[in-house]
Structures are given as structure tokens and as C-alpha cells.
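Not measured: the values here are computed from a predicted model. Each chain gets a letter, A, B and so on, in the order the sequences are listed, and its residues count up from 1.
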Number of protein chains: 2
Amino acid sequence: MSKADEVLTEITSLLKSNKIKITPQRLLIAEALIKLGHPTISEIYRYAAERSPLIGLATVYRTIHLFKKFGLIGELTKMRGRTRFEVRNSLHMNVECIFCGNITDIHSPLLKRALSSLKREGVKVIDCEVLIKSVCDNCHKKIKIARSLKSVI
Amino acid sequence: MSKADEVLTEITSLLKSNKIKITPQRLLIAEALIKLGHPTISEIYRYAAERSPLIGLATVYRTIHLFKKFGLIGELTKMRGRTRFEVRNSLHMNVECIFCGNITDIHSPLLKRALSSLKREGVKVIDCEVLIKSVCDNCHKKIKIARSLKSVI
DNA sequence: CTGTTTGCAAAAAATTTGCATGTTC
DNA sequence: GAACATGCAAATTTTTTGCAAACAG
């Protein structure tokens with residue numbers, strides 16, 4: 001059983017345990033989220049429509065809201081203002097290339113510790129989204145960076 | 001000179017050093033960002049329009065894009081899908097109450113260390129946005145939390 | 001002066017909603 | 001069978017753009 005299938009099974013049982021009805025559309029959208037990684041609404045829609053042409057855009061919106069409401073997915077903001085979503089699994093950082101827009105995940109023990117420390121101070125941490133703006137290796141090679149990339153860090 | 005005025009002066013000189021023209025509208029929008037903390041576009045617009053009724057919504061959008069392009073502000077995503085902006089100052093975490101939507105800033109040495117560690121591994125970190133979902137003290141007191149707030153952390 | 005920026009209005013894009021029909025449990 | 005989910009189309013909201021007039025440097 002592949003990792004993606006595992007997550008899909010997990011989502012299915014999460015839906016069941018929350019008494020949310022299982023429909024082909026919901027499974028397809030969950031699948032899109034898993035397979036595509038950090039898709040926008042329209043990327044999810046495209047993925048779903050290729051496999052099940054009758055699906056409506058409104059269903060994608062409604063399903064995404066539903067999943068968010070039940071904490072199944074998180075929301076990221078990308079440079080050009082489009083919202084991207086991802087399945088909430090373990091705590092990680094999203095690293096986005098500011099040139100090509102690619103997003104990859106990085107796990108960091110220090111981030112875990114930072115949150116544990118917050119919890120000890122009394123902050124009721126429920127979830128955490130981290131978006132790091134960066135330049136991926138590919139783009140770094142290709143692009144002569146003209147303007148200075150002033151880092152605030 | 002208040003902290004807000006300091007930041008405003010800093011923004012002004014940042015604009016100048018980037019050869020961006022200083023206009024009353026841009027200063028007003030910068031002021032709104034500083035005073036309001038983590039405003040949405042329409043909150044900025046309302047703030048500005050109260051002080052200078054002729055200002056156009058398009059100007060707010062254009063100015064926000066401009067500020068973003070020059071790295072002056074960062075973008076956060078809030079629960080209900082509306083985008084909020086903040087002046088990029090020092091590295092910090094945004095803690096958002098999932099009930100009232102309030103956002104506060106928290107500084108964390110461990111987060112700094114997590115990023116330094118990434119840099120040592122070769123990731124070209126330019127910026128970092130952290131959004132922690134939480135429940136603020138006020139809401140925690142007021143609300144009997146019915147559904148379980150499963151934390152992924 | 002020259003090139004930029006602005007406000008307005010109109011256009012485009014993104015998101016939400018109403019409702020009849022079809023589906024899940 | 002009851003309650004809920006879906007697709008469609010229309011409504012709403014958000015964001016972008018074209019352009020003449022105003023403004024900053």
C-alpha cells in the first residue's frame with residue numbers, strides 16, 4: 001500500500017469518524033490534495049475534472065471548506081496571491097522558491113521544540129504553518145539575481 | 001518619536017533608497033499597515049478612506065503589491081480565506097486565535113535557530129512566515145469547546 | 001518637464017449561494 | 001426514506017486593468 005493510499009485511507013476514516021458522508025467527489029478531491037502536494041483550487045478542480053468530468057467547481061470549494069473545518073487540510077499563501085492547500089500531516093515547514101513557485105516540505109526538530117516551548121508558556125497551539133521564501137537550486141543556477149535579495153532573517 | 005513613527009520613517013527611507021516615489025497615499029497605507037497590525041486590504045482601505053476620502057481601492061491594491069515586491073510587507077492567510085498583510089520587521093511568529101481571529105506576534109529564539117540550521121544545510125532562506133493557530137485566553141474563557149481540537153503538533 | 005501615480009469605471013477572476021436532482025447511510 | 005451532497009447557473013466579492021488627469025522629483 002503506497003503512502004498516498006495510506007493517507008487516503010486515513011482521510012476516509014477521519015471522514016467517517018466525523019460522520020461526514022463519503023462521496024466519490026470527496027475522495028477524488030482528497031486524492032488530488034495528496035497527489036498534487038500543495039495545489040490551488042483550480043489545480044484540484046483540473047485534476048478532478050480530468051477523472052470525473054461532471055464535477056463542479058462549487059463542489060471543490062465546498063469540499064475544501066469542509067476539510068478545512070475538520071482540520072484535515074491547511075492553507076498556504078503563495079506569492080502571487082493564490083491560495084494553496086495541503087493535507088495536514090506531521091509538523092513541517094514549507095519552503096517555496098520565489099522564482100518558480102515550487103514548494104517542498106522540510107521537517108525540523110528545532111521547530112518542534114519552538115512550539116513545545118510555546119506550549120509550556122501557556123499558548124494553546126493547535127496547528128502551525130510555516131512558509132519559508134527561498135530560492136531553489138535549479139533557479140539559483142539559472143538566474144543571475146539582479147536585485148538584491150535582502151533577507152530579514 | 002513613537003515606535004510607529006520610527007517604522008514610518010524607516011519605510012519612507014526604504015522607499016527613497018529604492019527610488020520609489022513618496023506619495024501621500026503610500027504613506028497613508030504604510031501607516032495603516034503599522035497602526036492596524038495585520039490588516040486585510042479592505043481594512044487598509046477603510047483606514048485610508050477615513051483620512052483621505054478620495055483614495056481609490058485600486059491604489060491600495062497597487063501599493064500593497066509594490067510594498068510586497070520590495071519586501072516591505074509579508075502576507076498571512078487567515079481562517080476565512082481573507083489575506084492579511086503585515087510590515088516585515090524582525091522574524092517572529094504570528095499567533096492567531098481560531099475563534100476571534102485576533103493575531104499577535106511572538107518572538108522565538110528557537111525559530112531563529114531552526115532557520116540558521118536550515119541555512120547551514122544550504123537552503124537560501126530569504127524570509128519566513130509562521131502562522132500558529134491557537135485559542136486566545138479571552139476566547140478560551142468564554143467558549144466551552146464542544147468539538148475536540150485535535151492538535152497535529 | 002518627464003515619467004509615475006492616481007481615481008474612476010469597467011473588466012476579469014475568484015468565491016459563494018439557491019435550487020432541483022441524485023446519493024449516501 | 002431522510003438528510004445531505006451535487007451540478008448548474010446566477011449572484012457576490014475580490015482583484016486587476018485602461019485611461020485621462022494630477023503629481024513627485
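Considering CG of A:Leu115 and SG of A:Cys128, their distance stands at 4.5 Å, rounded to 0.5 Å.
Distance A:Ile64 CD1 to C:dT17 P: 16 Å, rounded to the nearest Å. Counting to the nearest Å, the C1' atom of C:dT4 and the CG atom of B:Leu15 are 14 Å from each other. Distance, A:Lys21 NZ to D:dC4 C1': 4 Å, rounded to whole Å. When rounded to the nearest whole Å, the span between CG of B:Asn18 and P of D:dA24 equals 19 Å. Taking atom NZ of A:Lys16 as the reference point, atom C1' of C:dT24 lies 12 Å away to the nearest angstrom. Atoms CD1 (A:Ile44) and C1' (C:dT15) sit 14 Å apart, rounded to a whole Å. The distance from atom CG of A:Leu27 to atom C1' of D:dA5 is 13 Å, rounded to the nearest whole Å. Straight-line distance from the CD1 atom of B:Ile20 to the P atom of C:dT6: 11 Å, rounded to whole Å.
Under the 4.5 Å side-chain contact rule for hydrophobic residues, A:Phe67 and A:Leu36 do not share a cluster. Cluster membership for B:Val130 and A:Leu118, using ILVMFWY side-chain heavy atoms within less than 4.5 angstrom, is shared.
The residue among B:Pro53 and B:Arg26 whose nearest nucleotide of DNA chain C is located toward the 5' end is B:Arg26. Nearest-nucleotide mapping onto DNA chain D: of B:Ala58 and B:Thr23, the residue sitting toward the 5' end is B:Ala58.
Between A:Asn102 and A:Cys136 there is no side-chain heavy-atom pair separated by less than 4.5 Å.
Each of C:dG3, C:dT15, D:dT15 was ranked by its minimum atom distance to the side chain of A:Leu57; first place goes to C:dT15.
Counting any heavy atom pair closer than 4.0 Å across all strands shown, A:Arg62 reaches a base atom.
Close to C:dT23, at under 4.0 Å from its OP1 or OP2, lies no side-chain N or O of A:Gln25. For C:dT15, neither phosphate oxygen OP1 nor OP2 lies less than 4.0 angstrom from any side-chain nitrogen or oxygen of A:His65. OP1 and OP2 of C:dT16 both lie 4.0 Å or more from every side-chain N or O belonging to A:Tyr61.
B:Arg84 pairs with exactly one of B:Glu43, B:Glu75, B:Glu129, B:Glu96 by the salt bridge (charged side-chain N to carboxylate O under 4.0 Å, His left out) rule, that one being B:Glu43.
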